[in-house]
Protein chains: 2
Amino acid sequence: MLWELKSDRPIYTQLVEHIKQRVFSGTYPLGSRLPSVRDMAQEAAVNPNTMQRALAKLEEEGLIITHRTSGRSITEDASMVELAKTKLAKDQILEFLEKMQLMGFEQKEILTIITNLVKEMKE
Amino acid sequence: MLWELKSDRPIYTQLVEHIKQRVFSGTYPLGSRLPSVRDMAQEAAVNPNTMQRALAKLEEEGLIITHRTSGRSITEDASMVELAKTKLAKDQILEFLEKMQLMGFEQKEILTIITNLVKEMKE
DNA sequence: ATTATTGTATTAAGCTCCTAATACAGTCAT
DNA sequence: ATGACTGTATTAGGAGCTTAATACAATAAT
């Protein structure tokens with residue numbers, strides 16, 4: 001998986017987002033050990049300080065556990081991960097729907113557009 | 001309508017987005033005159049320079065026309081506005097779908113979640 | 001014990017964004 | 001013609017983000 005980073009938002013917030021996605025999708029399994037800050041920083045082509053900041057943020061949210069001198073791991077609390085996943089999903093959906101409505105699309109319209117796009121992507 | 005501005009992204013890009021939404025939804029009708037930079041800045045509680053930057057960006061994209069010393073107006077080119085609207089919508093949908101997929105949601109799942117949320121909002 | 005590897009902290013520099021305070025030139029109403 | 005209004009440009013300063021180069025303490029491996 002790639003670390004796609006744009007310049008329109010702070011990098012560390014994008015790193016937080018990417019790592020969450022990996023946790024939620026199982027790329028980083030619950031309880032598994034994370035690569036070191038330096039390794040992750042290098043893989044993402046980012047300064048270690050920046051990666052450190054993203055990881056600190058994730059620890060603050062409880063998704064990641066730090067073992068002081070022997071690396072980090074993903075939490076084993078499946079229910080909390082599920083909760084965080086649901087929350088992020090809902091937030092993103094609401095933000096998306098709000099944008100579309102402000103642009104003048106009606107709910108019916110939005111649904112049909114998405115349905116068609118999803119169909120397209122399956123082909 | 002409100003000018004909701006968060007601190008996680010540059011303000012001027014958020015202004016661009018807001019103004020686009022107003023054009024696409026008809027709040028600012030095609031060909032209509034825009035309030036002055038200073039007025040818009042005050043309404044959005046933002047520095048005139050910042051609003052100026054957003055408006056310059058919009059002019060660069062062709063959505064807005066500047067009449068040097070007598071204010072600005074929305075373009076009258078309906079087809080170009082429609083094009084820009086469709087493009088922005090599609091971009092936002094794709095970005096959204098990609099995020100959801102990276103989080104581990106399947107397309108079917110996404111559709112049902114949105115359908116349910118839209119139903120909720122109608123009530 | 002020594003060495004490599006952890007997370008963490010610090011300092012300095014450069015960059016963008018944002019604000020503030022002005023200033024100027026052209027247009028419009030009076 | 002005068003005055004109020006346009007967009008525009010400039011300068012200065014502060015804040016946040018990012019990088020770079022280190023340094024330190026604690027653990028793990030040898």
Side-chain angles (χ1 to χ4, degrees), chain A residues 2-20 22-23 28-76, chain B residues 2-20 22-23 28-76:
Chain A
L2 283 175
W3 293 86
E4 221 175 300
L5 298 172
K6 301 177 182 175
S7 60
D8 62 339
R9 282 184 306 154
I11 293 183
Y12 82 97
T13 58
Q14 297 183 56
L15 293 176
V16 168
E17 218 173 283
H18 275 93
I19 297 171
K20 271 187 190 172
R22 292 174 188 213
V23 174
Y28 290 154
L30 298 202
S32 68
R33 194 167 176 282
L34 276 178
S36 75
V37 188
R38 295 170 175 82
D39 285 353
M40 291 182 75
Q42 188 175 21
E43 193 193 325
V46 147
N47 188 281
N49 293 329
T50 308
M51 183 58 79
Q52 160 78 18
R53 184 164 180 185
L55 292 170
K57 180 75 181 164
L58 284 164
E59 195 192 357
E60 191 184 310
E61 294 182 26
L63 242 59
I64 278 181
I65 295 170
T66 302
H67 311 292
R68 197 64 179 77
T69 58
S70 63
R72 280 179 241 254
S73 59
I74 309 295
T75 178
E76 295 185 358
Chain B
L2 283 174
W3 293 87
E4 222 175 300
L5 299 172
K6 302 178 181 174
S7 60
D8 63 338
R9 280 183 307 151
I11 292 184
Y12 82 96
T13 58
Q14 297 183 56
L15 293 176
V16 168
E17 218 173 283
H18 276 95
I19 297 171
K20 271 187 190 173
R22 291 173 188 214
V23 175
Y28 290 156
L30 296 202
S32 67
R33 194 168 176 280
L34 276 178
S36 76
V37 188
R38 294 170 176 82
D39 284 355
M40 291 183 75
Q42 188 175 20
E43 194 194 324
V46 147
N47 188 280
N49 293 329
T50 309
M51 182 60 77
Q52 160 79 16
R53 185 164 181 185
L55 292 171
K57 180 75 181 165
L58 285 164
E59 195 194 355
E60 192 184 311
E61 295 183 24
L63 243 58
I64 278 181
I65 294 170
T66 302
H67 310 294
R68 198 61 181 76
T69 59
S70 64
R72 277 179 243 253
S73 58
I74 310 296
T75 178
E76 295 185 0

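None of the values given here were measured: they were computed from a predicted structure. Note on naming: letters A, B, ... go to the chains in the order of the sequence lines (proteins, then strands), and numbering restarts at 1 for each one.
Computed from coordinates, the A:Met51 CE to D:dT19 C1' distance equals 14 Å when rounded to whole Å. If you take CD of B:Gln42 and P of C:dA20, they are 12 Å apart, rounded to a whole angstrom. Spacing between atom CG of A:Leu15 and atom P of D:dC17 amounts to 13 Å, rounded to whole angstrom units. Rounded to whole Å, atom P of C:dT11 lies 17 Å from atom CG of A:Asn47. Spacing between atom CD of A:Glu60 and atom P of C:dT8 amounts to 13 Å, rounded to whole angstrom units. Going from atom CG of B:Leu55 over to atom P of D:dA9 covers 13 Å, rounded to whole Å. When the P atom of C:dC17 is taken as reference, atom NZ of B:Lys57 falls 11 Å away, rounded to whole Å. For the pair B:Asn49 CG and C:dA21 P, the computed distance is 12 Å after rounding to whole Å.
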**Request:** Assign a letter to each nucleotide of nucleotides 25-30 of chain D from its 5' end: B, base within under 4.0 Å of a protein heavy atom; S, sugar-phosphate only; -, no contact.
**Result:** -BS---
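Nearest approach of A:Gln14 to A:Glu4, heavy atoms of both residues: OE1-O, 4.0 Å. Closest approach of A:Ser73 to A:Gly31, counting heavy atoms only: CB-O, 4.0 Å. Of all heavy-atom pairs between A:Met51 and A:Val37, the closest is CG-O, 4.0 Å. Minimum interatomic distance between A:Ile64 and A:Glu59 (heavy atoms only, all atoms of both residues): O-CG, 3.3 Å. The two residues A:Ala54 and A:Leu15 come nearest to each other via the heavy atoms CB-CB, 3.6 Å.
Position along DNA chain C of the nearest nucleotide to B:Pro10 versus A:His67 favours A:His67 as the more 5'-ward residue.
At most 12 non-hydrogen atoms from other residues, nucleotides or ligands lie less than 6.0 angstrom from CD of A:Gln42.
Between D:dT8 and B:Arg72, a contact under 4.0 Å exists linking OP1 or OP2 to a side-chain N or O. Residue A:Arg53 has no polar side-chain atom (N or O) positioned under 4.0 Å from OP1 or OP2 of C:dG7.
Side chain of B:Thr66, nearest nucleotide from D:dT19, D:dG7, C:dT19: D:dG7.
Using a 4.5 Å cut-off on side-chain heavy atoms (C-beta onward), A:Tyr12 and A:Leu55 make no contact.
Among A:Arg33, A:Lys20, A:Arg22, the one residue that satisfies the side-chain hydrogen bond (donor to acceptor under 3.5 Å, both in side chains) test with A:Tyr28 is A:Arg22.
Taken residue by residue, residues 33-40 of chain B places heavy atoms nearer than 4.0 Å to DNA chain D at B:Ser36, B:Val37, B:Arg38.
Residues that satisfy the salt bridge (charged side-chain N to carboxylate O under 4.0 Å, His left out) test with A:Arg9, not counting sequence neighbours, are A:Glu17.
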